[in-house]
Chemist: 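After the structure tokens below, expect a handful of questions from me.
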Amino acid sequence: METGTVTVKRGLAQMLKGGVIMDVVTPEHAAIAQEAGAVAVMALERIPADIRAFGGVARMSGIELIRSIMDAVTIPVMAKCRIGHFAEAQVLQQLGVDYIDESEVLTPADDNYHVDKHAFTTPFVCGARDLGEALRRIAEGAAMIRSKGEAGSGNIVEAVRHMRAIGDAVRELRIAPKEELVARARDLWAPVELVTEIAREGKLPVVLFCAGGVATPADAALMMQLGAEGIFVGSGIFKSKDPKRFARAIVDATTHFNEPEIVLEACRSLGASEAMPGLDIRQLAEAQLMAPRGS
Amino acid sequence: MLIGVLALQGDVVEHLNALERCDATAIPVKTPADLARVDALILPGGESTTVMKLLERFGLGRPIVERTRAGMPLWGTCMGMIVAAHDVVGLDQPTLGLIDITVRRNAFGRQNDSALVELAIPALGSMPFPAIFIRAPWIERHGRKVELLAEREGHGVMAREGNVLATSFHPELGSDARIHRYFLEIVSQQGKASTAA
């Protein structure tokens, strides 16, 4: 019997495809998320919009909180560690969470290096803004990739940019002549083995989700049509006026992203409930941006 | 013969690809109209609580039950086994009740206990099957008409009752196609039987 193999670690992400992973800060939130049809929850002390407002240093969540969320639901539970903070990751593995998100939403612990994720049995998801960043994370052992849309902004533009950047780069590699692949790997700052694999397969070797800025059912449908294999929703649910309805509507729109009549029904089910307030990312100061953390 | 893979959520593409490697024709099933086209159905891996809710919301639960009771071959992998089961130990979780087994969810543990196991499956011959278990359920109880086809650590992990097959692991994640072929054989037998009738 072998645990923690690449197949087993990437495999759990494959089971989450087509689903919605929701940020939750209490066991009650987690139960609402599960009831709405979430495929997993991300256990956090504060949702990203509040981390943004609160300022200071954002660290791994308290163990009691994560444990109480693990006890509240039967779906997988993910938790975040700071970029490069392998000791936080060791603690989360010891606790037994199902996935670790090495996340730019928390304050980075190391401004040069990410965690060596091959060293862990617990699989990791990491953010990426483009194909090179995705491949560097996969080379470090990430078993799942997500876009790095500006968390807590309620603004989908960054996630769209990342999904398009990754998709375009994969399509370019697919038609690139073989003799160009070493130079392409150099330009991407990525291992040539992974670049060659993408050129051959025409897709990432791990599951790709969208994260950052999803606030409405139509946002979810947009990202799925742009090639996301599933959706992370952070502040979009529990910063909306009606979390139960938003959670369910985003699940429905993710499942049937290609059927506008069902997405319409999901939008209509929200009634007069408002989505979370949004931010114009261009007006954020450099120091407030989370997406450029780690690269 | 057209095989359907339930495509509400989960590892749908992996099953479609595995079926293609076996030269079977397969489509994703998202609506009752898709279901009406297929001769057999696979319930893939995924999250069982999510998929049960989506089956209900989008009107697919009842037609799947009716078709399966009328003889349509059905195979559930992991989540699919839970959805097809009679009931779930300790949880008030609805299921479709297509095979007379009681399952225990996440029975082998959480993700850190997910594993690749060389599994003896006598029905497939003497070569062990490389079975990938992910937060996998096991079979806690099975009815008299259910045939247990494989066990791990003393618990059932593969079972068949007539036209319904269930595995608590994921053959679609590996390259060994023997269980997909075994299911296609059930489909072809069922096809012959219904033509004869």
Side-chain angles (χ1 to χ4, degrees), chain A residues 1-21 31 33-41 70 73-78 92-100 120-123 143 203 207 229-230 247-248 251-252 254-259 262 265-266 269, chain B residues 6-15 28 30-31 44-58 60 77-80 82 88 90-93 104-106 108-119 130-137 152-153 169-170 172-175:
Chain A
M1 183 175 97
E2 277 183 276
T3 57
T5 68
V6 168
T7 310
V8 164
K9 293 203 279 191
R10 292 178 179 178
L12 178 55
Q14 288 168 280
M15 300 311 141
L16 304 178
K17 283 196 291 181
V20 181
I21 300 170
Q34 177 167 278
E35 181 54 34
V39 291
V41 291
M70 288 165 71
V73 292
T74 55
I75 55 179
V77 175
M78 302 182 165
L92 292 173
Q93 168 164 286
Q94 196 62 37
L95 179 62
V97 302
D98 296 294
Y99 242 90
I100 299 171
F120 289 77
T121 303
T122 310
K203 61 185 283 297
V207 168
E229 294 178 287
R248 182 178 156 150
V251 169
D252 287 357
T254 302
T255 306
H256 291 283
F257 64 90
N258 255 336
E259 291 145 277
I262 295 181
E265 205 41 59
S269 75
Chain B
L6 185 71
L8 294 176
Q9 189 273 314
D11 69 337
V12 179
V13 175
E14 288 78 355
H15 269 294
K30 273 194 158 183
T31 63
E47 274 309 312
S48 59
T49 44
T50 306
V51 168
M52 275 311 300
K53 284 173 206 310
L54 295 171
L55 282 170
E56 241 167 74
R57 276 182 218 167
F58 298 107
L60 268 163
T77 57
C78 193
M79 170 273 272
I82 298 166
V88 182
L91 290 173
D92 182 23
Q93 178 175 345
R104 180 179 290 277
R105 285 189 57 193
N106 304 334
F108 292 101
R110 302 187 73 103
Q111 174 62 15
N112 287 344
D113 303 298
S114 293
L116 168 68
V117 177
E118 295 293 327
L119 198 65
I132 298 158
F133 289 83
I134 295 180
R135 286 171 49 93
R152 174 185 164 195
E153 298 160 33
F169 49 94
H170 296 279
E172 72 280 9
L173 292 186
S175 55

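Worth saying up front: this structure is predicted, and the values here are computed from it rather than measured. The sequence lines fix the lettering, A, B, ..., with proteins before strands; numbering per chain opens at 1.
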Chemist: If the condition is side-chain contact (heavy atoms from CB on, under 4.5 Å), which residues does A:Thr74 pass it with, not counting sequence neighbours?
Modeler: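 Applying side-chain contact (heavy atoms from CB on, under 4.5 Å) to A:Thr74 gives A:Gln34, B:Thr49, B:Leu91, B:Arg105.
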Chemist: Please state whether the side chain, the backbone, both or neither of B:Ile132 comes within less than 4.5 Å of a heavy atom of chain A.
Modeler: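 B:Ile132 touches chain A through side-chain heavy atoms alone.
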Chemist: Does any backbone or side-chain atom of B:Leu54 lie under 4.5 Å from a heavy atom of chain A? Answer side chain, backbone, both or neither.
Modeler: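 For B:Leu54, the contact with chain A is made by the side chain alone.
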Chemist: Can you tell which part of B:Asn112 gets under 4.5 Å to a heavy atom of chain A, answering side chain, backbone, both or neither?
Modeler: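 Both backbone and side chain.
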Chemist: Which atoms of A:Val77 are under 4.5 Å from chain B, going by heavy atoms: the side chain, the backbone, both sets, or neither?
Modeler: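 Contact with chain B: backbone and side chain both.
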Chemist: Identify the heavy atoms of A:Thr3 and B:Ala115 that sit nearest to each other, and give their distance.
Modeler: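 Closest approach of A:Thr3 to B:Ala115, heavy atoms only: CG2-CB, 3.9 Å.
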Chemist: Got a donor-acceptor contact below 3.5 angstrom from the A:Asp98 side chain to the B:Gln111 backbone?
Modeler: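 Checking the backbone N and O of B:Gln111 against the side chain of A:Asp98, a donor-acceptor pair under 3.5 Å is found.
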Chemist: Non-hydrogen atoms of chain A under 4.5 Å away: do they reach the side chain of B:Lys53, the backbone, both or neither?
Modeler: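 Answer is side chain: those atoms of B:Lys53 sit under 4.5 Å from chain A.
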Chemist: Would you give the length of the straight line joining atom CD of B:Gln9 to atom OG1 of A:Thr254, rounded to the nearest 0.5 angstrom?
Modeler: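 Spacing of CD (B:Gln9) from OG1 (A:Thr254) equals 10.5 Å.
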Chemist: With a 4.5 angstrom heavy-atom cut-off, could you sort out which part of B:Glu56 is near chain A: side chain, backbone, both or neither?
Modeler: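 No part of it gets close to chain A.
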Chemist: Do you know which two heavy atoms are closest between A:Gly37 and B:Arg57, and how far apart they sit?
Modeler: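 Closest heavy-atom pair between A:Gly37 and B:Arg57: N-NH2, 4.4 Å.
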Chemist: Any carboxylate oxygen within less than 4.0 angstrom of a Lys/Arg side-chain nitrogen, looking at B:Glu47 and A:Lys17?
Modeler: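 No, B:Glu47 and A:Lys17 are not salt-bridged.
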Chemist: For chain B, which candidate among A:Ala13, A:Ala36, A:Gly19 shows the most heavy-atom pairs at distances under 4.5 Å?
Modeler: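 Option with the top pair count is A:Ala36.
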Chemist: For A:Glu259, give me all partners under side chain to side chain donor-acceptor pair (under 3.5 Å), at least two apart in sequence or on another chain.
Modeler: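 Side chain to side chain donor-acceptor pair (under 3.5 Å) check on A:Glu259 returns A:His256.
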Chemist: Side chain, backbone, both or neither: which part of B:Ile134 has an atom under 4.5 Å from a heavy atom of chain A?
Modeler: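 Interface part for B:Ile134: side chain.
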Chemist: Taking every non-hydrogen pair under 4.5 Å, which of A:Glu2, A:Lys9, A:Met1, A:Met15 racks up the most with chain B?
Modeler: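 Greatest number of close heavy-atom pairs with chain B: A:Met15.
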Chemist: Just give me the residue among A:Leu12, A:Thr7, A:Val251, A:Ile262 that pairs up with chain B most often, heavy atom to heavy atom, under 4.5 Å.
Modeler: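 Highest number of heavy-atom pairs under 4.5 Å: A:Leu12.
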Chemist: Is it the backbone or the side chain of A:Arg10 that comes under 4.5 Å from a heavy atom of chain B, or both, or neither?
Modeler: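 Interface part for A:Arg10: neither.
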Chemist: Where on A:Ala38 is there a heavy atom nearer than 4.5 Å to chain B: the side chain, the backbone, both, or neither?
Modeler: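 Only the backbone of A:Ala38 comes within 4.5 Å of chain B.
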